[in-house]
Amino acid sequence: MATYRIAVLPGDGVGQEVIPEAVKVLGAVARGAGVVTFEFEPGLIGGAAIDATGDPLPDATLSLCRESHAILFGAVGGPKWDNAPQEKRAERGLLGVRKELDLYANLRPARCFPMLVDASPLKRSIVEGVDIMVVRELTGGLYYGEPRGMEKMADGGRRAINTMTYTSREIERVARVGFDVARKRRKKLASVDKANVLVVSQLWRQVVSEVAREFPDVTLQHVLVDNCAMALVAHPAQFDTIVTENTFGDILSDEAAILAGSMGMLPSASLGETAALYEPVHGTAPDIAGQGTANPIAAILSAAMLLRHSAGMGRDAERVETAVLRVLEKGYRTADIHQDGTTRVGTAQMGDLIVREINMLYS
Ligand code: NAD
């Protein structure tokens with residue numbers, strides 16, 4: 001029996017409500033599959049860690065993350081900590097984990113569930129059948145490039161600088177993740193760049209084309225970022241897997257998120273060579289925190305990604321996804337996706353319903 005150690009970091013706000021539901025789901029999978037044991041180790045991060053220790057990322061949490069097979073993370077931040085100095089802000093906790101563990105590939109699926117098509121602001125004919133995976137490079141490019149900063153100029157004006165920089169190694173490793181993911185899906189990869197203008201993008205395109213030779217079964221297409229932004233809202237169903245650099249990925253993955261209807265439905269994974277973090281895309285939702293109404297599906301689908309990418313349990317991940325679909329098909333909805341004619345349920349009830357379906361899928 002394999003044992004996986006999972007660091008459980010709920011963080012703040014609704015993170016503390018949705019992560020217990022994801023843990024419940026992983027427990028049900030372990031019982032149903034009968035081939036793994038999950039050891040859940042809780043840790044403090046974000047505002048909760050500031051309140052307890054004064055530090056958004058205590059050493060004990062970082063050590064726990066390093067010693068675990070995977071990290072299940074909720075969300076951090078909220079009005080209580082908004083005025084803290086930069087290095088003591090709750091968000092530092094998450095940024096610190098990403099940086100320390102070199103989590104360089106961010107995977108964000110955007111899937112339009114058939115029964116939620118009308119929750120999307122786009123027309124049914126556009127979003128129907130959409131199932132996209134955006135792979136975003138997470139540790140390079142404009143966000144970290146040097147030199148950076150702001151300076152006074154001789155004429156009294158000011159100048160600000162950020163540097164977009166990528167090495168071929170950085171591009172190669174994330175491209176490989178992109179091809180790998182595409183290979184497990186519909187074998188179509190769109191690499192997004194701005195090679196008609198940016199030198200960095202020209203290197204990006206060269207390196208991605210070189211890596212493509214290792215994946216002859218995956219069809220590669222190079223797409224300019226401006227075209228991609230248009231196509232994502234005009235013909236999103238044409239995309240399967242998208243791989244792109246940090247800044248383009250930040251913007252395009254949020255654009256793709258609109259296709260899925262609600263923030264409460266979107267999971268994500270951040271992968272490194274030796275570590276992996278799974279988290280819902282949404283934040284701490286202070287407007288609904290503490291009410292037991294948050295949608296736990298994003299967190300539960302993040303747990304499914306953990307099964308697929310960290311535990312090698314792809315079939316079990318599919319069971320979790322099927323269980324979510326079945327509960328939605330039966331008409332159960334949390335407040336954020338509730339419509340007339342459906343049954344409104346709270347966070348824990350939604351988790352229980354999904355666990356019940358999972359149990360049935362294993363019986
Ligand atoms: P948010 O994602 O927390 O909320 C945006 C909207 O989506 C709100 O109306 C909220 O009620 C709704 N929502 C979010 N999650 C939901 C869920 N599970 N179920 C139902 N509805 C849900 O974004 P925000 O309001 O911009 O940020 C709030 C706080 O969260 C801020 O402090 C921000 O810094 C932090 N934040 C953290 C992360 C993270 O930890 N990864 C990400 C984004 C925002």
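Position 1 is the first residue of the sequence, and the numbers go up from there. In listed order, ligands and their atoms are each counted from 1.
Checked by atom type, the side-chain pair W81/D12 shows no donor-acceptor distance below 3.5 Å. Residues S270 and Y104 have side chains that never bring a donor and an acceptor to within less than 3.5 angstrom of each other. Checked by atom type, the side-chain pair Y362/D316 shows a donor-acceptor distance below 3.5 Å.
Of the candidates I288, V281, V76, the one placing a heavy atom closest to atom 21 (N) of ligand 1 is I288.
There is no protein heavy atom less than 4.0 angstrom from atom 25 (O) of ligand 1. Within 4.0 Å of atom 35 (C) of ligand 1, at least one protein heavy atom is present. Distance check for atom 18 (N) of ligand 1: a protein heavy atom is found below 4.0 Å. At a distance under 4.0 Å, no protein heavy atom can be found next to atom 5 (C) of ligand 1.
Of the protein's heavy atoms, H282 CG, 4.0 Å lies nearest to atom 16 (C) of ligand 1. The protein heavy atom nearest to atom 12 (C) of ligand 1 is A285 CB, 4.4 Å. Protein heavy atom nearest atom 29 (C) of ligand 1, with residue, atom name and distance: T284 OG1, 3.1 Å. Given atom 7 (O) of ligand 1, the protein heavy atom at minimum distance is M263 CG, 4.0 Å. The single protein non-hydrogen atom nearest to atom 10 (C) of ligand 1 is D287 OD1, 3.4 Å, given as residue, atom name and distance. From the protein, the heavy atom lying nearest to atom 44 (C) of ligand 1 is G283 CA, 3.4 Å. Residue, atom and distance of the protein heavy atom nearest to atom 27 (O) of ligand 1 are P286 CD, 4.7 Å. The shortest contact between atom 33 (C) of ligand 1 and any protein heavy atom is with E91 OE2, 4.1 Å.
A salt bridge does not link R319 to E357: none of the charged nitrogens lies less than 4.0 Å from a carboxylate oxygen.
When all heavy atoms are compared, the tightest approach of A110 to A256 is CB-O, 3.4 Å. When every heavy atom of H69 is checked against every heavy atom of Y4, the shortest pair comes out as ND1-CA, 3.5 Å.
Of all the atoms in ligand 1, the ones that sit under 4.0 Å from a non-hydrogen atom of E279 are 41 (N). Within the listing of ligand 1, atoms 40 (O) sit less than 4.0 angstrom from a heavy atom of A75. The atoms of ligand 1 that sit less than 4.0 Å from any heavy atom of L94 are 41 (N). Near G77, meaning under 4.0 Å from one of its heavy atoms, ligand 1 places the atoms 32 (O).
For ligand 1, the polar-atom distance check finds no N/O of D82 at less than 3.5 Å from any of the ligand's N/O atoms. Between G74 and ligand 1, not a single N/O pair is under 3.5 Å apart.
Here the side chains of I50 and P56 are in contact, with some heavy-atom distance below 4.5 Å. For the pair L103/L271, no side-chain contact is recorded, criterion being any heavy-atom separation below 4.5 Å from C-beta on.
Taken from CD in E279 to CZ in R108, the straight-line distance is 9.0 Å, to the nearest 0.5 Å. To the nearest 0.5 Å, the span separating CG on L62 from CD on E67 amounts to 9.5 Å. We find the CG-CZ distance between L138 and R98 to be 5.0 Å, quoted to the nearest 0.5 Å.
Qualifying side chain to side chain donor-acceptor pair (under 3.5 Å) partners for E255, counting only residues two or more places apart in sequence or in other chains: none.
A heavy-atom separation below 4.0 Å is found between G78 and ligand 1.
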